[in-house]
Amino acid sequence: MPQLIAGNWKMHGLKAEAAALAQGVAAGAQGLGCELLVCPPALHVAAVAEILAGTPVAVGGQDCHQAEQGAHTGDVSAKMLRDVGASWVILGHSERRQNHGETDELIREKTQAAMAAGVTPIVCVGETAEQRAGGQETEVVGWQLAGSLPKPFDGVVAYEPVWAIGTGKTATEADVAQMHAFIREELVRQFGDAGMGIRILYGGSVKASNAAALLAVPHVGGALVGGASLKADEFLAIARAAKPD
Ligand code: PGA
């Protein structure tokens, strides 16, 4: 399976910047051996999807509500994302777990809603610096996987150690190797053989200069890229570092 290089634009960019970034990514997206995805702010998903229609770059949301519709002021459903051209959605990002109090149970419901709407979920897990300092990183990630993934699960997992997000501190290749092997074991425990085929992305300060090393680690099925996805050239350089099929 090709590696997936996903850009999480977070809350960055007015519409002209979003359009320019999408065009920049599309301009260099031909002939890469990986899958490419950009996840703009919800407000820009429709416009970016129009720009990227017919290119190899897919579009995703950064969150969705667990219901299909209803009285949920300010929220967006997976079906709405799908309707405007998104085929992926990031769920359970640590910024949503921390800033919006999202629990594993809620993330599982959102994941189910995404799958039901035909939108592929990218479910994020990862420990904080304190949890790692306390030697609890695998326990925490194990609980997150058990709580956040519905059965069956048709999506992607992203391991993003919270201390590596936006900090410039990348997990070492040894840390990534150990955690991705653990996540693979857990996925096989939860889903049997199907767990072997679930891609596991690494995220947290991925950039062009460290991408090749991180993407070469066993069980790394791609990258979830924040800050470095806001520059088309840098994002495309990461994509070129991905392993071919
Ligand atoms: P970062 O963010 O690449 O800026 O560390 C990654 C993420 O939060 O998905």
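All heavy atoms count here, side chains included; hydrogens, waters and symmetry mates do not. Note that ligands are numbered from 1 as they come in the structure, with each ligand's atoms numbered from 1 the same way. Predicted model, so just to flag it, every value in this text is computed and none were measured.
Looking only at heavy atoms of the protein, atom 3 (O) of ligand 1 is closest to G226 N, 2.8 Å. Counting only heavy atoms of the protein, atom 4 (O) of ligand 1 lies nearest to G227 N, 2.8 Å.
Residue K10 places at least one N or O, backbone or side chain, under 3.5 Å from an N or O of ligand 1. An N or O contact shorter than 3.5 Å links G166 to ligand 1 by distance. Residue H93 has at least one nitrogen or oxygen atom sitting less than 3.5 Å from a nitrogen or oxygen atom of ligand 1, judged on distance alone. In terms of N/O distances under 3.5 Å, ligand 1 is not approached by G204.
Of the heavy atoms in N8, only side-chain atoms (C-beta onward) come closer than 4.0 Å to ligand 1. Counting heavy atoms under 4.0 Å from ligand 1, residue A164 touches it through the backbone alone.
Between the side chain of S148 and the main chain of L145, no donor-acceptor pair closer than 3.5 Å is present. The closest donor-acceptor contact from the side chain of H65 to the backbone of A67 lies under 3.5 Å.
Using a 4.5 Å heavy-atom cutoff, the side chains of C124 and L224 are in contact. Looking at heavy atoms from C-beta onward, V217 lies out of side-chain contact with Q178 at the 4.5 angstrom threshold.
Classification of the Y159-H180 ring pair by plane angle, with boundaries at 30° and 60°, yields perpendicular.
At least one heavy atom of S205 sits closer than 4.0 Å to an atom of ligand 1. Ligand 1 lies out of reach of G168, whose nearest heavy atom is not under 4.0 Å from it.
By the 6.0 Å contact criterion, CG on N99 is enclosed, its count of non-hydrogen atoms from other residues, nucleotides or ligands being greater than 12.
With distances taken over non-hydrogen atoms, the option nearest atom 9 (O) of ligand 1 out of E95, E160, Q62 is E160.
A salt bridge links E35 and R199; the closest N-O separation between the charged side-chain nitrogens and carboxylate oxygens is under 4.0 Å.
Side-chain N/O atoms of E160 and H93 include a donor and acceptor closer than 3.5 Å.
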